[in-house]
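See structure below.
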Amino acid sequence: MNIKPVKSFLLASLFSTTIGTSLYAQKFEELAQTPPMGWNSWNTFQTNIDEPLLKGMVDTYVSSGMKDAGYTYFVLDDGWMSMDRDKNGDLVADPKKFPNGMKEFADYVHSKGLKFGIYNCAGTKTCAGYPGTRGYEYQDARLYASWGVDYLKFDWCNTDGINAIEAYKTMNKAIRTAGRPMIFSLCEWGQHFPWRWAKDVGQLWRSTGDIGPAFSETVTRNGWKPLSVLNILDRQDSIRQYAGPGHWNDPDMLEVGNGMKFNEDKAHFSLWCMLAAPLMAGNDLRKMSAQTTAILTNKDIIALDQDPLGIEAFRYYAFDGIEIWVKPLANNELAVCFLNRSDHPQTVSYDWKDHAITDTVSKTSFDFTQTTYKLHDLWDKKDAGTTAKIFKQTIPADDVVVLRLTKE
Ligand code: GLA
């Protein structure tokens, strides 16, 4: 295959203006200097969560090596509360699901050296119909702070036409006022272009609707169709310039271990790390296979995600089902991900010297006629020659090869 570079910034100009950037919003600036990493209950359990199940998950989080690999947050999604607030207007953890209350559960999470996250919604009700925060922003933020919450995911159902920028700024101020540093995760599915205005409001914002456990074809879940990995991937390239330390585009939580094939899980995880995405595992950690563990705890791939430069990858090349994504890293290193999104194996034959790479966002460039780089294959965990030679490899369908380039 003869590979030529393409320019893929065509959509970027569509998003180059800013609107409504907050003059007054402030946040805890020191948080999420690299994309947050954790686990969230939604993708596997939806609202079927309770204390015994979740304590088992916390225990496995530690024993499986997830914590050692850098995952820190344990986030309860929708379904943790009672259908009604108490007589003071406070939210209450569902006593059947959490007989010892939420403070006790948060203490349990903290006792394992993890941080605790929780979910609510800017509307009158959450997406699953539990009490939303609309009108209770300061009261809810105070309650979360008293429980020791470290992370708030804030959804967008039942918002009845309210102004998204103002709604999220209000919750930002409520968190600041409550005084406990919390990562603020905006979840309005990219509907109001949060990348244009949320940098000073939260640490991450969803860029699309919900993900499902499908690589390219969409699947039906509970009567609706979530997005596939590739659907979401195709919506990230044009907004990459808005992400950086402390403020990340969020292409949604991981579906690794939730039913896709091994190579699809591996490609999904690699691409999310290339995108400097928040890494929220969403599988049942207690039943994780060795292959799933190997993917989620691949420290070399995670290191791309957590690179301190905080630059998202861009699609450097796309032709006939082969894509090349490149991510500039600190110390003038580079990650290169060859993705085969076609339905058959393909052999790439890539002459680095024909492909100088320039990135307008990080303002870095790589000219392989001037400098030779060593190649390290991050999945096969082996050296793969240098950029002085043509790189040739057959890539199965829906699979990736990920290389880290370091100067010789
Ligand atoms: C929305 C969000 C999901 C999840 C559910 C909970 O769909 O996008 O991530 O939080 O709500 O009801």
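Remember, it's 1-based here, ligands and their atoms both numbered in the order they're listed. Worth knowing before you read on, the calculation uses all heavy atoms, side chains too, and leaves out hydrogens, waters and symmetry mates.
Remark: T126 OG1 to M81 CE distance equals 5.5 Å, nearest 0.5 Å.
Considering backbone and side-chain atoms alike, K153 places an N or O below 3.5 Å from some N or O of ligand 1.
Between D359 and the choices K327, R315, R240, the salt bridge (charged side-chain N to carboxylate O under 4.0 Å, His left out) rule is met once, by R240.
Here the heavy atom of the protein found nearest to atom 12 (O) of ligand 1 is D78 OD2, 2.8 Å. Nearest protein heavy-atom neighbour of atom 1 (C) of ligand 1: D155 OD2, 3.0 Å. Protein heavy atom nearest atom 4 (C) of ligand 1, with residue, atom name and distance: D77 OD1, 3.5 Å. Protein heavy atom nearest atom 3 (C) of ligand 1, with residue, atom name and distance: D210 OD2, 3.4 Å.
Ring centers of W156 and Y168: under 6.0 Å apart, within the cut-off.
Contact atoms of ligand 1 toward R206: 8 (O), 9 (O) (distance under 4.0 Å to a heavy atom of the residue). Atom numbering of ligand 1 starts at 1 in the shown order; those under 4.0 Å from a heavy atom of C127 are 1 (C), 11 (O), 12 (O). Listed by number with element, the atoms of ligand 1 under 4.0 Å from a non-hydrogen atom of Y119 are 6 (C), 10 (O), 11 (O), 12 (O). When each atom of ligand 1 is checked for a heavy atom of W42 under 4.0 Å away, the hits are 4 (C), 5 (C), 6 (C), 12 (O). Atom numbering of ligand 1 starts at 1 in the shown order; those under 4.0 Å from a heavy atom of C187 are 2 (C), 8 (O). Interface atoms of ligand 1 facing W189, defined by a heavy-atom separation under 4.0 Å, are 2 (C), 8 (O).
In this structure a side-chain-to-backbone donor-acceptor pair under 3.5 Å is missing from T124 to R134. A distance-only check finds no donor-acceptor pair linking the side chain of T159 to the backbone of I162 [under 3.5 Å].
The proximity of Q46 to ligand 1, defined as any non-hydrogen pair under 4.0 Å, does not occur for either the backbone or the side chain.
Using a non-hydrogen distance threshold of 4.0 Å, T126 does not register as a contact of ligand 1. Ligand 1 is never approached by W156 to a heavy-atom distance shorter than 4.0 Å.
For the 3.5 Å distance criterion, the side chains of Y119 and D155 qualify, holding a donor opposite an acceptor. Between S342 and N340, the side chains place a donor N or O and an acceptor N or O closer than 3.5 Å (distance only, hydrogens not considered). With no hydrogens or angles considered, no side-chain donor-acceptor pair links W80 and D94 at under 3.5 Å.
Note on ring orientation: taking the six-membered ring where Trp is involved, the planes of F116 and H110 are perpendicular (angle over 60°, cut-offs 30° and 60°).
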